[in-house]
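What follows is a single structure, written as structure tokens, with notes after it.
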Amino acid sequence: AVERTLSILKPDATGRNLTGAINTLIEKAGLRIVAQKRVVWTKAQAQKFYAEHKGRPFFDELCSFMTSGPIVVQVLQGKDAIATYRKLMGATNPDEAKRGTIRKRFAESKGRNSVHGSDSVASATREIALNFKSAEIVG
Ligand code: CMP
């Protein structure tokens, strides 16, 4: 089915000027960028977005990192967009990511891993709503 997923290009990616390189991989994979903006999150926005990880040992580090610089939040649309993008991203840990994936190419560590993508339809709906008004998404 045609789906939408929430993508984030993280501060390690924007800091190394990789927005265009990653967007090229996204578009080559057949996904369409139907919304996109460059922002800096507040700590409260990061904590809300990652609420499911509250209590994990890496939660504070994750929220600090995600507010440490500009991020690019995007809505990607296409056939099976959620799974397609997760496959393109590769494993969370770049040491385990397959050749050709975004994280194999660009990620620096489990935390500084360049990109985020929603993991389910429910997450995508929630994550898109947290970042975009419906009028900002032009399919
Ligand atoms: P993301 O898809 O953005 O969702 C949760 C994030 O937590 C995940 O990507 C990782 O970047 C981050 N994360 C997971 N495990 C660790 C870890 N051990 N140390 C730091 N960050 C982590």
Side-chain angles (χ1 to χ4, degrees):
V2 174
E3 294 171 345
R4 287 176 171 176
T5 191
L6 193 280
S7 162
I8 305 176
L9 314 188
K10 298 187 179 187
D12 68 283
T14 62
R16 285 176 290 153
N17 215 18
L18 292 172
T19 299
I22 294 172
N23 279 353
T24 295
L25 294 175
I26 288 170
E27 292 184 333
K28 278 190 176 151
L31 295 168
R32 190 169 285 272
I33 301 165
V34 295
Q36 174 169 261
K37 60 189 170 188
R38 181 173 166 104
V39 298
V40 178
W41 271 353
T42 63
K43 198 56 76 67
Q45 282 177 294
Q47 289 167 341
K48 189 171 180 188
F49 184 86
Y50 282 119
E52 69 172 298
H53 297 300
K54 202 171 173 193
R56 300 265 200 106
F58 57 83
F59 182 73
D60 288 349
E61 183 188 328
L62 173 62
C63 293
S64 295
F65 170 57
M66 291 300 291
T67 57
S68 67
I71 59 174
V72 176
V73 289
Q74 309 173 310
V75 179
L76 309 182
Q77 179 176 296
K79 186 168 173 295
D80 301 324
I82 295 164
T84 298
Y85 190 47
R86 289 188 68 88
K87 189 172 171 202
L88 176 63
M89 289 195 298
T92 302
N93 182 345
D95 296 335
E96 294 162 15
K98 292 194 177 131
R99 259 207 330 272
T101 62
I102 293 170
R103 284 167 170 164
K104 184 66 177 187
R105 285 173 199 238
F106 300 128
E108 299 178 316
S109 66
K110 253 190 267 185
R112 301 173 64 86
N113 65 355
S114 304
V115 283
H116 166 86
S118 309
D119 65 4
S120 65
V121 173
S123 299
T125 301
R126 172 182 173 275
E127 293 176 359
I128 291 169
L130 279 174
N131 287 282
F132 291 96
K133 299 172 194 168
S134 55
E136 292 177 314
I137 305 168
V138 182

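Because only heavy atoms are used, hydrogens play no part in the values below, and waters and symmetry mates are left out as well, while side chains stay in. Atoms within a ligand are numbered from 1 in the order they appear, just like the ligands themselves.
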Fill in the blank from the handout: atom 9 (O) of ligand 1 has as its nearest protein heavy atom K10 NZ, 3.1 Å
Handout entry: Exceeds 12 heavy-atom contacts within 6.0 angstrom, atom CZ of R16
Key = yes
Practice task
Would you check if the side chain of D80 reaches a backbone N or O of A1 as a donor-acceptor pair within less than 3.5 Å?
Solution key: yes
Fill in the blank from the handout: Numbered in order shown, the ligand 1 atoms found under 4.0 Å of a heavy atom of H116 are 1 (P), 2 (O), 3 (O), 4 (O)
Problem - D119 side, atom CG; R86 side, atom CZ - distance, nearest 0.5 Å - result: 5.0 Å
Problem - Enumerated ligand 1 atoms positioned under 4.0 Å from heavy atoms of N113 - result: 9 (O), 10 (C), 11 (O)
Exercise for the section: Could you tell me the separation between the CG atom of L31 and the CZ atom of R4, rounded to the nearest 0.5 Å? Expected result: 13.0 Å
Handout entry: atom 7 (O) of ligand 1: nearest protein contact (heavy atom, Å)
Key = F58 CE1, 3.3 Å
Completion exercise
For Y50, the ligand 1 atoms with a heavy-atom partner under 4.0 Å come out as 1 (P), 3 (O), 4 (O), 5 (C)
Problem - Closest protein heavy atom (residue, atom, distance) for atom 21 (N) of ligand 1 - result: G111 CA, 3.5 Å
Completion exercise
dist L6:CG -> I82:CD1 (nearest 0.5 Å) comes out at 10.5 Å
Exercise for the section: Assess K37 against F132: is NZ or CZ under 6.0 Å from the centre of the six-membered ring, and within 45 degrees of the ring's axis? Expected result: yes
Practice task
Within a distance under 4.0 Å of any heavy atom of H53, pick out the atoms of ligand 1 and give their elements.
Solution key: 4 (O), 5 (C)
Exercise for the section: Would you please classify the geometry between the F49 ring and the W41 ring as parallel, tilted or perpendicular, with 30° and 60° separating the classes? Expected result: tilted
Exercise for the section: Check whether any N or O atom of E61, backbone or side chain, sits under 3.5 Å from an N or O atom of ligand 1, and answer yes or no. Expected result: no
Practice task
Indicate yes or no: does an N/O atom of T92 lie under 3.5 Å from an N/O atom of ligand 1?
Solution key: no
Problem - Distance from atom 10 (C) of ligand 1 to nearest protein heavy atom, with residue and atom - result: K110 O, 3.3 Å
Problem - Reported CZ-to-OH distance for the pair F58 and Y50, which is rounded to 0.5 angstrom - result: 9.5 Å
Exercise for the section: Answer with side chain, backbone, both or neither: which part of R103 has a heavy atom less than 4.0 angstrom from an atom of ligand 1? Expected result: side chain
Practice task
Could you check atom 6 (C) of ligand 1 against the protein and tell me its nearest heavy-atom contact, residue, atom and distance included?
Solution key: L62 CD1, 3.8 Å
